[in-house]
Asks: 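I am attaching a structure below and will ask some questions about it afterwards.
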Amino acid sequence: MEFIVQKTIEAVKVLFDQNIEASAVTLQETRKEFEGDITIVVFPFTRFSKTSPDATATAIGAYLINHVTEVADFNVIKGFLNLVIADSYWVNRFKIACNTPNFGFAQPNGQKVMVEYSSPNTNKPLHLGHVRNNLLGYSVAEILKGAGYDVAKVNLVNDRGIHICKSMLAWKKFGNGETPASSGLKGDHLVGKYYVIFDKEYKKEIDALKATGVAEDDAKKQAPLMIEAQLMLKKWEEGDKEVIDLWKMMNGWVYEGFDETYKKLGVNFDKYYYESNTYLLGKEIIEEGLQKGVFFRKPDSSVWIDLTEDGLDQKLVLRSDGTSVYMTQDMGTAQLKYGDFKMDKSVYVVGNEQDYHFKVLFLILNKLGKEFAKGSYHLSYGMVDLPSGKMKSREGTVVDADDLIQEMIDTSREYTEALGKVDDFNDQEKVELFRKIGLGALKYHILKVDPKKRMMFDPSESIDFQGHTGPFIQYSYARIQSVLRKSGSSDFTYGEVFPLNKDERELIQQLDKFPSVIIDAADNYSPAVIGNYLYELAKAYNKFYHDNPILKPEISQHDRNFRLQLSKLTGDVIKRGMGLMGIEVPERM
RNA sequence: GGUUCCAUAGCUCAGUUGGAUAGAGCAACGGUUUUCUAAACCGUCGGUCGCAGGUUCGAAUCCUGCUGGGACUACCA
């Protein structure tokens, strides 16, 4: 509505002889209890109009109606200037949208962005927290594509370290050669089982030591299992064949399990990075930083950065024994990734528990003068809380990703079969539909919440299929496809300018927003923006559908085709928008 | 202790440059189907926007303090 802003500036100049900036013109959608489409807030103008808000609004309204063809009418209520925009304008916008291939998606903007997400540890299966991460990362990547970026999705797998050795050691000691094939367990679940066993046995040892009078902190360090795990890590780093073989075998199990879960979630990656290949990186950057005076070395030869001037503390970047810490690796990996992709932006989808880490990382990269520091962004999402509180892997209070997905599919099957609408579906079609609806419900439920906020997830309360949900939007799509099929045509040409009714206008206005919604979602890295928009769109369509016959005999050819075209575009936008959230839509449901 | 994020209806959430009487969904209650899919549509009920000040013509939104909750603050990742 840029032209309204420009004409308002003009009106203010002519009427009150005042030059104002475009930012001084506040436009908002007219609240639906009032007549009009666009509202101008004129309070700021009263300072120089020297008249009441109502008089100011009336004067501007009168000017606009005489100088802007699109302004058909106006009214003033309590100092708010409500403009009625001509139907011809909306019809024209609609026609343009229909003639735009991939309406909503921006043209390529020539910029490259990397989205790193998922980044699992290979010692346990994925849980609800990872699900949020994966859904967010995938969706944000798709949204960025929709906004014109060239996107690379990458997964940085944490496949080494003491926690991995714990699973390996427990399996070696207590596993009796158990494999996914012999146990029937999914690989990641099998490895996770031994991670839990390690913790249990380790605790026993700690308790035994404490009983002999050893202090807790010392007991944790002295426990034989911990000593053995650390020895194993050392052997791994030395390339000990036996340890490496075990590591390869067990990680292989985990990857098979992850691949299955990723496939079910519908997420994917353009490239995998493994920490076993990157954990030694970053040491040359330490040298670089020391030379540039960004880092300093302490007498024990550990290396630090002083961030007190930035309101933070001193931070270790290299241990006294010369080995890397997480920060060292991340500096090196950032450099590696930039070398591989030369991206303009780099998004890290990581939970907000690591806010401090990324703040420091980006600060360091900036101080080192890295060209990629400026484009780095930590998409910091909130934790997923259960009614019982926070999820803790070791305490078994996690919601497993595979279980959750299966429960959603089962629930969707029960719900759908109870409605009795799928009796003529064959088995294959049913399986597909239940999967689409179950995952649609889950994904929408998680993605509709602002990523930055913590969210509550109650697994016992099965996710709804009515109201503000994924299935509601999927259903709207299926309905549209049903109407289009029944029309028996695909040529929806209709005549020229004509009056719109309220529902039609509302729907067109909603559709008209789609391109700007995608940009907004991309700028804010927020699938929730798309989700809320699609809900509003589906609501507008359902209202329209309910009150406006399309295929009835009494409907004129013109109205019929116009409404079919309106339905068609709505369906396209829903499908495209849901695709940005990684949600599929069924042709029938 | 320090840093930081959060607090909106019984529940889950919208509310993005400060704008009208703070909105949805669920739950509860009521209505709509011989008519293109009722996973829908319409209505009723439900609020001290954590509390107290401040800035402003105007504050859920900005500032300060307080209360309550989370996270971070390791030679862990």
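This structure is a prediction, so every number in the text was calculated from the model and none was measured. Lettering of chains follows the sequences in order, A, B, ..., and the numbering in each one begins at 1.
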Asks: Hey, is the side chain of A:Asn82 pairing donor to acceptor with the base of B:A20 inside 3.5 Å?
Replies: yes

Asks: If we require ring centres under 5.5 Å and near-parallel planes under 30°, does A:Tyr535 stack on B:A24?
Replies: no

Asks: Once you apply a heavy-atom cut-off of 4.0 Å, does A:Pro53 come out as touching a base, just sugar-phosphate, or nothing?
Replies: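 If one applies the 4.0 Å heavy-atom cut-off, A:Pro53 turns out to touch nothing in the nucleic acid.
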
Asks: Going by centres under 5.5 angstrom and planes under 30 degrees, do the aromatic ring of A:Phe80 and the base ring of B:G19 stack?
Replies: no

Asks: Hey, does the side-chain of A:Ser320 have a donor or acceptor N/O within less than 3.5 Å of a partner on the base of B:C75?
Replies: yes

Asks: Between the side-chain atoms of A:Ser476 and the base atoms of B:A40, is any donor-acceptor pair under 3.5 Å?
Replies: no

Asks: What interatomic distance, in whole Å, is found between P of B:U3 and the corresponding atom of B:U8?
Replies: 25 Å

Asks: If you define the side chain from C-beta out and look only at heavy atoms, does anything of A:Ile574 sit under 4.5 Å from A:Leu537?
Replies: yes

Asks: Identify whether any heavy atom of A:Asn121 sits under 4.0 Å from a base atom; if not, whether one sits that close to sugar-phosphate; answer base, sugar-phosphate or nothing.
Replies: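 A:Asn121: no heavy atom of the nucleic acid under 4.0 Å.
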
Asks: So what's B:U33 paired with, Watson-Crick or G-U wobble, going by both distances under 3.5 Å?
Replies: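 Because no pair has both required distances under 3.5 Å, B:U33 counts as unpaired.
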
Asks: Using the P atom on both, measure B:G15 against B:C62 and round to a whole Å.
Replies: 13 Å

Asks: Closest nucleotide of RNA chain B for A:Lys452 versus for A:Thr469: which of these residues is on the 5' side?
Replies: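 Counting from the 5' end, the first nearest nucleotide belongs to A:Lys452.
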
Asks: For B:U37 and A:Ser482 - does any side-chain N or O of the residue sit under 4.0 Å from the phosphate oxygens OP1/OP2?
Replies: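 For B:U37, OP1/OP2 do have a side-chain N/O of A:Ser482 under 4.0 Å.
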
Asks: Taking only Lys NZ, Arg NE, NH1 and NH2, and the carboxylate oxygens of Asp or Glu, determine whether A:Arg319 and A:Asp300 approach each other closer than 4.0 Å.
Replies: no

Asks: Taking the six-membered ring of A:Trp304 as reference, does the NZ or CZ atom of A:Lys298 fall below 6.0 Å from its centre and within a 45° cone about the axis?
Replies: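 Flagged: A:Lys298 positioned over aromatic ring of A:Trp304.
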
Asks: Below 4.0 angstrom from OP1 or OP2 of B:C6, is there any side-chain N or O of A:Arg454?
Replies: no

Asks: Could you walk me through whether A:Phe514 and A:Tyr533 pass the ring-ring contact (aromatic ring centres under 6.0 Å, His included) check?
Replies: CA-CA 8 Å; A:Phe514 190 44; A:Tyr533 164 73; 5.8 Å; yes

